[in-house]
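None of these values were measured; they are calculated from a predicted model. Below, each value reflects all heavy atoms present in this structure, side chains not excepted, and no hydrogens, waters or symmetry copies. Numbers restart at 1 for each chain; the letters A, B, ... are given by sequence-line order, proteins then strands.
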Amino acid sequence: MRNQRAAIVGKKLPAAFFRREDVLQIGRELLGQYLFTRLGGARVTGGRIVETEAYAGATDRASHAFGNRRTRRTAVMYQAGGVAYIYLCYGLHALFNIITGPQDIPHAILIRALEPTHGIDLMLRRRSKTRLDRTLTAGPGALAQALGLRVRYSGASLLGNKIWLEKGIDFHPAEIVSTTRVGIEYAGADAQRPWRFLVRGSAWSSRAK
DNA sequence: CCGTCGATCTCCT
DNA sequence: GGAGATCGACGGG
């Protein structure tokens, strides 16, 4: 009942959504879905996802879990889908990922941008901004900061009432752009895979090169 | 508008 | 010792 009450705009995405094997398909389907947080207080913050990147676990050179590498940082990637993987990038920025697939399959989806819809004033405060524009939540580091997502929440369930997803828009394939992922030039042939997904024409996407 | 650069944690060589 | 799933400040055109 508590979880029902936590829903803001629609039904929560269930464990079965996250535990499917096809990380590329989930990466596409996450576009248009709502991501919400209620962290450090009563206020809900979030919006509709407009940009994702899929990381295909053991076989993907761009993945932290390539070759089934296990470190303290990446241990949560091996849990069953539906938990957060949050790590520190360049020593500064928390990057938020959704772990997908069955247990021991370390698939992850990086959430790169969203269209803010809820708790915009609190997100502005977390980002030390006064005006709402695309820089509030465009780019994975900016998005995580706006939502209050810190490394300490890595491993948190996405099925509870602190961090969760809800049903939003389902886009037609023609409304989705797929292109190469950002910042993984070291990944050889995997750097060329079109595993970054964007809502076509969205004004809220990152402009990373 | 664009390119450059510093910040500074985790993991790898 | 070096690089990285980044961002924002700064200086030049």
Applying a 4.0 Å non-hydrogen cut-off, can you work out what [X] is touching in the nucleic acid: base, sugar-phosphate, or nothing?
X: A:A62; value: base
X: A:G91; value: base
X: A:L92; value: base

Between [atom2] of [N] and [atom1] of [X], the distance in whole Å:
X: A:K129; N: C:dC7; atom1: NZ; atom2: P; answer: 11 Å
X: A:F96; N: C:dT6; atom1: CZ; atom2: P; answer: 16 Å
X: A:R73; N: B:dC11; atom1: CZ; atom2: C1'; answer: 6 Å
X: A:N97; N: B:dT10; atom1: CG; atom2: C1'; answer: 15 Å
X: A:E185; N: C:dG2; atom1: CD; atom2: P; answer: 20 Å
X: A:L149; N: C:dT6; atom1: CG; atom2: P; answer: 16 Å
X: A:R181; N: C:dT6; atom1: CZ; atom2: P; answer: 12 Å
X: A:H93; N: C:dA3; atom1: NE2; atom2: C1'; answer: 15 Å

Are any of [X]'s side-chain N or O atoms less than 4.0 Å away from OP1 or OP2 of [N]?
X: A:R69; N: B:dC12; value: yes
X: A:R127; N: C:dC7; value: no
X: A:R72; N: B:dC11; value: no

Inset, instruction - Using the side chain to side chain donor-acceptor pair (under 3.5 Å) rule, take A:R126 and A:Q145 through it: C-alpha gap first, then chi angles, then the decisive distance, then the call. - result: CA-CA 7 Å; A:R126 285 174 176 148; A:Q145 185 179 35; over 6 Å; no
Inset, instruction - Would you indicate whether the side-chain heavy atoms of A:M77 and A:S63 approach each other to under 4.5 Å? - result: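 A:S63 vs A:M77: side chains touch.
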Inset, instruction - Evaluate the side-chain proximity of A:T74 to A:R69: yes if any heavy-atom separation is below 4.5 Å, no if none is. - result: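 In short, these two side chains do not touch, never coming nearer than 4.5 Å.
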Inset, instruction - Once you apply the 3.5 Å cut-off to both distances, tell me the Watson-Crick or G-U wobble partner of B:dT4, or none. - result: C:dA9
Inset, instruction - Taking only the side-chain heavy atoms of A:L88 (C-beta and beyond), determine which of B:dA7, B:dC11, B:dC9 contains the nearest atom. - result: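 Within the option list, the nearest is B:dC9.
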Inset, instruction - Check the angle between the aromatic planes of A:F36 and A:W164 and answer parallel, tilted or perpendicular using the 30° and 60° thresholds. - result: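 Correct class here is tilted.
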Inset, instruction - Would you mind checking if A:D121 and A:R43 are paired as a salt bridge, meaning a charged N to carboxylate O distance below 4.0 Å? - result: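 So A:R43 pairs with A:D121 through a salt bridge.
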